[in-house]
Amino acid sequence: MAGGTHKMAAKIPNTLLIGAQWGDEGKGKIVDVLSREADVVIRYQGGSNAGHTIEVGTERYVLHLVPSGILHPNKICVIGNGMVVDPLALVAELRELAGRGISADGRLFVSDRAHLVLPWHKLLDAAREQGAETGVRIGTTQRGIGPAYADKAARLNLRMGDLVDGAMPALLSQHLEARCREMERSGVPTPEPTRILEELAQAAEFLRPFVTDTVTLLQQAYRAGRSLLFEGAQGVMLDLDFGTYPYVTSSNPSCGGVCTGTGLPARAIERVLGVLKAYTTRVGAGPFPTELQDAVGTHLRERGREFGATTGRPRRCGWFDAVVARYAAMLNGVDYWAVTKLDVLDTLETVRICVAYECDGRRYETVPARARDLARCVPVYEELPGWRTATTGISRFAELPPAARAYLDRLCELTGVPLGLLSFGPRRETTFRLGI
Ligand code: GDP
Ligand code: IMO
Ligand code: MG
């Protein structure tokens with residue numbers, strides 16, 4: 001039995017699920033599918049820049065901070081210490097869920113060590129993007145993520161534990177004063193202090209019951225043999241260290257983020273599942289070698305409904321990039337792929353896979369470190385026949401059209417990782433599990 005003898009047969013081994021491209025691979029859907037067999041679902045990095053979509057029946061949920069296990073009653077959900085939490089956004093998300101009949105009471109735990117995204121972080125994020133002081137416009141989600149993580153590293157920030165602490169109002173006023181002075185100096189519009197303090201005090205009241213020492217909670221769950229499911233946000237190519245810097249987010253979606261973002265040892269991860277879209281998308285600026293600015297790109301955007309779940313921005317679309325997938329597999333020790341959105345390719349005559357890059361006469365088998373080098377890389381493509389058959393209606397993996405099978409086989413062959421799960425529609429039912 002996978003996962004050791006201490007677990008019930010119906011439980012999955014402790015699984016890390018990461019986005020293996022530039023985010024929006026369909027992580028939310030896959031976490032929701034796997035959550036049924038997990039005990040605890042944990043977000044370990046990022047914040048409300050994430051938008052994880054789950055479709056159940058006619059209902060559609062987009063989660064930003066709350067782990068995607070929340071739709072399953074009785075599952076424990078944890079917002080880990082590595083996340084940056086906008087308390088106002090979390091309150092809004094919990095209220096919306098409650099309004100739709102989903103209660104997080106008693107089963108959502110927010111780390112007291114998680115850092116806060118405060119109103120000035122969002123203002124600074126927006127100002128930096130507009131002002132583009134550095135000449136680099138990243139196209140962030142403007143959710144305050146970069147400035148909050150920067151304050152964390154600079155040891156200037158407040159944490160969830162401070163927010164719900166009795167000493168909070170004084171601490172926050174001090175911070176606010178200092179930050180307002182700093183923002184004034186740099187010409188950023190300053191927030192209105194009284195209103196901010198009031199809103200945060202209300203959020204603190206609301207969130208107090210959820211805030212706890214999640215390091216201890218997770219250690220206990222781990223030692224008791226509970227099945228843990230780690231839900232990555234963003235993707236490997238947006239990783240602060242391994243992505244297309246500076247066109248990245250400010251955290252580590254890759255496997256290293258789990259240890260720093262939860263307080264669990266590396267060996268707590270028993271299996272790594274990489275989520276790949278059957279093609280590639282990216283939101284925001286930065287190099288994207290297989291991007292298509294033609295009719296096929298538009299087709300993928302429309303058929304795949306490629307508009308941001310957080311900001312509504314149109315996503316840039318392109319062919320599948322096996323160099324990126326191989327890089328993600330290598331960095332994270334991916335055991336299986338979960339491939340999503342295969343159905344979006346259903347009507348194409350031919351499909352392409354990027355197998356390597358070429359730049360200045362040199363062939364690249366892996367992703368170069370510098371974004372400006374990647375921007376100059378030209379993809380080397382392999383072309384395969386399309387299947388021109390609707391995959392959405394099929395009920396068994398064996399019914400997949402042979403050309404679709406060949407496409408998936410090639411994708412796995414090029415990356416050296418087997419297929420563990422296939423998704424061919426947004427809803428739970430449109431999923432095949434293959435040995436995972
Ligand atoms: P995440 O950020 O990785 O959770 O992904 P998003 O939710 O931002 O974007 C994925 C989108 O694709 C959502 O609208 C999902 O409902 C949808 N989706 C997920 N899997 C599939 C699939 O296999 N086929 C189709 N057509 N849509 C899917
Ligand atoms: P999920 O979890 C796709 C992108 C932004 C921008 C860059 C930095 O839904 O896959 P940030 O606001 O983090 O400072 O923006 O990262 N980005 C995402 N792209 N999916 C996401 O999350 C993203 N979160 C951030 O578009 O390019
Ligand atoms: Mg998303």
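Residue numbers count from 1 along this sequence. Note that ligands are numbered from 1 as they come in the structure, with each ligand's atoms numbered from 1 the same way. In this text the structure is predicted, and so the values were computed from the model without any measurement.
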Cation-aromatic face contact Arg100/Tyr61, 6.0 Å, 45 degrees: yes
Close-contact set for ligand 2 against Ala50 heavy atoms, below 4.0 Å: 1 (P), 2 (O), 9 (O), 22 (O)
Contact check, Asp125 vs ligand 2, heavy-atom distance below 4.0 Å: no
Asp24 and its salt bridge (Lys or Arg N to Asp or Glu O under 4.0 Å) partner, picked from Arg313, Arg315, Arg301: Arg315
Ligand 1 atoms in contact with Phe424 (distance to a heavy atom under 4.0 Å): 23 (O), 24 (N)
Residue portion contacting ligand 1 (non-hydrogen atoms closer than 4.0 Å) for His52: both
Residues Met237, Phe242; criterion side chain to side chain contact (heavy atoms under 4.5 Å, CB included); working and verdict: CA-CA 7 Å; Met237 295 303 285; Phe242 303 114; over 6 Å; no
For Leu238, the ligand 2 atoms whose distance to one of its heavy atoms is below 4.0 Å: 4 (C), 16 (O), 17 (N), 18 (C), 19 (N)
Check against side-chain hydrogen bond (donor to acceptor under 3.5 Å, both in side chains), Lys29 and Ser423: CA-CA 9 Å; Lys29 177 199 157 160; Ser423 166; 2.9 Å; yes
Arg315 to ligand 2, any heavy atom closer than 4.0 Å: no
Basic-acidic side-chain contact under 4.0 Å: Arg159, Asp112: no
Check: Trp319 ring centre within less than 6.0 Å of Tyr279 ring centre: no
Ligand-side contact atoms (ligand 1) for residue partner Gly425, heavy atom cut-off under 4.0 Å: 20 (N), 21 (C), 22 (C), 23 (O), 24 (N), 25 (C)
Residues Glu399, Arg396: salt bridge by 4.0 Å N-O rule: yes
Nitrogen or oxygen atoms of Ser423 and ligand 1 under 3.5 Å apart: yes
4.0 Å heavy-atom contact, Gly235 with ligand 2: no
Contact with ligand 1 for Lys341, non-hydrogen, under 4.0 angstrom: yes
Check: Val344 N/O within less than 3.5 Å of ligand 1 N/O: no
Gly23 N/O under 3.5 Å from ligand 1 N/O: no
N/O separation below 3.5 Å, Leu342 to ligand 1: no
Closest protein heavy atom to atom 15 (C) of ligand 1, given as residue, atom name and distance to 0.1 Å: Thr53 CB, 4.0 Å
Under 3.5 Å: N/O of Arg315 near N/O of ligand 1: yes
Nitrogen or oxygen atoms of His52 and ligand 2 under 3.5 Å apart: yes
Mode of Glu55 contact toward ligand 1 - side chain, backbone, both, neither (heavy atoms, under 4.0 Å): side chain
Pair Glu55 + Arg427, salt bridge at N-O below 4.0 Å: no
N/O separation below 3.5 Å, Gly51 to ligand 1: yes
Atom indices of ligand 2, in the order listed, that fall short of 4.0 Å to a heavy atom of Gly139: 5 (C), 6 (C), 26 (O), 27 (O)
Stepwise side-chain hydrogen bond (donor to acceptor under 3.5 Å, both in side chains) test for Asp239 and Ser254: CA-CA 7 Å; Asp239 187 287; Ser254 305; 2.8 Å; yes
Check: Phe432 ring centre within less than 6.0 Å of Phe424 ring centre: yes
Closest candidate by heavy atom, reference atom 27 (O) of ligand 2, pool Ile145, Val84, Val283: Val283
Options Arg427, Lys27, Arg305, His64, ranked by nearest heavy atom to atom 1 (P) of ligand 1, top entry: Lys27
Nearest protein heavy atom with distance in Å, relative to atom 10 (C) of ligand 1: Asp24 O, 3.9 Å
Identity and distance of the protein heavy atom lying nearest atom 24 (N) of ligand 1: Asp343 OD1, 2.8 Å
Close N or O approach (Thr249, ligand 2; < 3.5 Å): yes
OH (Tyr245) with more than 12 external heavy atoms under 6.0 Å: no
Numbered atoms and elements of ligand 2 in range of Thr140, under 4.0 angstrom, heavy atoms: 6 (C), 11 (P), 12 (O), 14 (O), 15 (O)
Shortest-distance N, O or S atom of Asp24 relative to the Mg ion (ligand 3): OD1
Test: Arg428 and Asp32 ion pair at under 4.0 Å: yes
Closest approach of Ala403 to Gly386 (non-hydrogen atoms, all atoms of both residues): CB-O, 3.7 Å
Ligand-residue contact atoms, ligand 2 with Gly284, heavy atoms, under 4.0 Å: 27 (O)
Residue, atom name and distance, where the atom is the protein heavy atom closest to atom 4 (O) of ligand 1: Gly28 N, 2.8 Å
Pair Arg326 + Glu365, salt bridge at N-O below 4.0 Å: yes
Option nearest atom 7 (C) of ligand 2 (shortest heavy-atom distance, choices Val62, Leu240, Val248): Val248
Electrostatic pair Lys341-Glu306, nearest N-O below 4.0 angstrom: yes
Ala233 near the Mg ion (ligand 3) via N/O/S, less than 2.8 Å: no
Interfacing atoms of ligand 1 (cut-off 4.0 Å, heavy-atom, Arg60): 14 (O)
Residue-ligand contact Arg282/ligand 2, heavy atom below 4.0 Å: no
Distance filter under 4.0 Å to Lys29 heavy atoms, resulting ligand 1 atoms: 20 (N)
Electrostatic pair Arg410:Glu382 at N-O distance under 4.0 angstrom: yes
Lys NZ or Arg CZ of Arg352 over Tyr381 ring: under 6.0 Å, within 45°: yes
Result of checking His115, His175, Arg179 against Asp151 for side chain to side chain donor-acceptor pair (under 3.5 Å): Arg179
Trace of the side-chain hydrogen bond (donor to acceptor under 3.5 Å, both in side chains) decision for Trp337 with Thr415: CA-CA 10 Å; Trp337 292 127; Thr415 53; 2.9 Å; yes
Whether Gly51 lies under 4.0 Å from ligand 2, heavy atom: yes
Lys277 to ligand 1, any heavy atom closer than 4.0 Å: no
Side-chain donor-acceptor contact under 3.5 Å, Thr140 with Asn49: no
Per-atom contacts of ligand 2 with Ala233, taking only distances under 4.0 Å to non-hydrogen atoms: 2 (O)
Close approach, Trp22 and ligand 2, non-hydrogen under 4.0 angstrom: yes
